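Okay, so here's the structure we're looking at.
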Amino acid sequence: AKLRASMRIRISDLHKSLKRSGKPATTVYVTHDQTEAMTMGDRICVMKLGHIMQVDTPDNLYHYPQNMFVAGFIGAPEMNIKPASLVRKDDGLHITVGHDTLPLNAQQQEKVAHYVDKAVCFGIRPEYVHVATQPFAEGGGRGTLIRVENMGHEFFLYMQVGDFELTARMPSDQVRSILEAGLNSQVWFRFEMAKCHIFDAESELNISL
């Protein structure tokens with residue numbers, strides 16, 4: 001693992017030094033390792049079964065995936081993607097995920113308005129899922145803590161919410177009370193809804209961009 005990290009740095013440094021000196025520096029690097037792609041690439045081409053899914057900068061691939069494949073492929077742990085439905089209420093459009101109905105902001109509502117009553121999928125990255133041992137004042141949902149992964153500087157928390165599993169990614173200094181509660185304890189979660197993605201369930205395209 002140390003050798004791989006070292007080689008990533010050496011290849012990147014070589015590429016940059018060639019560019020600075022005005023020499024030909026175009027490099028094509030093929031990998032299944034998203035860490036290599038994200039840290040080394042100026043532009044990345046994500047492919048699935050020989051078809052190009054998206055060609056973009058690492059930042060755009062992560063924050064603005066054009067479809068569910070890219071959304072699920074880029075990022076570790078991967079994006080939470082669950083079946084959902086859009087419903088209209090008096091105060092605007094909401095998205096229903098499992099037993100929870102979540103409000104959308106004005107910009108999101110405008111982009112997905114014509115998908116009401118159609119099959120969609122809701123996506124949110126683990127770092128935008130907040131977990132606590134008490135209900136959030138802003139509202140949210142409830143689940144059962146079923147698994148914890150200690151990554152040192154951060155923890156991956158896995159919760160069973162109804163019939164699906166939800167992953168959260170939190171800094172180490174914010175999970176003490178959750179760890180003390182232990183596995184199989186009830187925890188509460190909320191989403192940063194401004195960071196969510198909504199996909200057409202049939203075409204798998206990101207309709208919230």
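What you see is a predicted model, and the numbers here were worked out from it, not measured in a lab.
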* Structure fact -> Sequence neighbours excluded, the answer for ring pair (Phe, Tyr, Trp, His ring centres under 6.0 Å) partners of Phe155 is none

* To do: Could you walk me through whether Thr31 and Arg8 pass side chain to side chain contact (heavy atoms under 4.5 Å, CB included), step by step?
  => CA-CA 12 Å; Thr31 179; Arg8 284 204 305 267; over 6 Å; no

Closest heavy-atom contact between [X] and [Y]?
X	Y	result
Val161	Gly143	CG2-CA, 4.1 Å
Gly92	Gln109	CA-OE1, 3.5 Å
Gln108	Met193	NE2-O, 2.8 Å
Gln66	Gln54	N-OE1, 2.8 Å
Phe136	Trp188	CE1-O, 3.5 Å
Val175	Pro171	CG1-O, 3.6 Å

* For atom CD of Gln34, decide whether the heavy atoms of other residues, nucleotides or ligands shown that lie under 6.0 angstrom number more than 12. =>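 Counting other residues, nucleotides and ligands, CD of Gln34 exceeds 12 neighbours.
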
* Give me the one residue out of Ile146, Leu145, Thr144 that meets side chain to side chain contact (heavy atoms under 4.5 Å, CB included) with Leu183. =>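 The passing option is Leu145.
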
In the single-linkage hydrophobic clustering (I, L, V, M, F, W, Y; side-chain heavy atoms under 4.5 Å), do [X] and [Y] co-cluster?
X	Y	value
Tyr128	Leu157	yes
Ile198	Met79	no
Ile124	Tyr64	no

* In terms of the angle between their ring planes, are Phe73 and Phe69 parallel, tilted or perpendicular, with boundaries placed at 30° and 60°? ->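 Taking Phe69 first and then Phe73, their aromatic rings lie parallel (interplane angle under 30°).
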
* Taking the six-membered ring of Tyr62 as reference, does the NZ or CZ atom of Arg125 fall below 6.0 Å from its centre and within a 45° cone about the axis? -> yes

* Determine, for Glu36 against Arg4, whether the closest basic-nitrogen to carboxylate-oxygen distance falls under 4.0 angstrom. =>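 A salt bridge is present here (some side-chain N lies under 4.0 Å from a carboxylate O).
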
* Structure fact -> Residue pairs meeting salt bridge (charged side-chain N to carboxylate O under 4.0 Å, His left out), one or both in residues 97-119, sequence neighbours left out, come to none

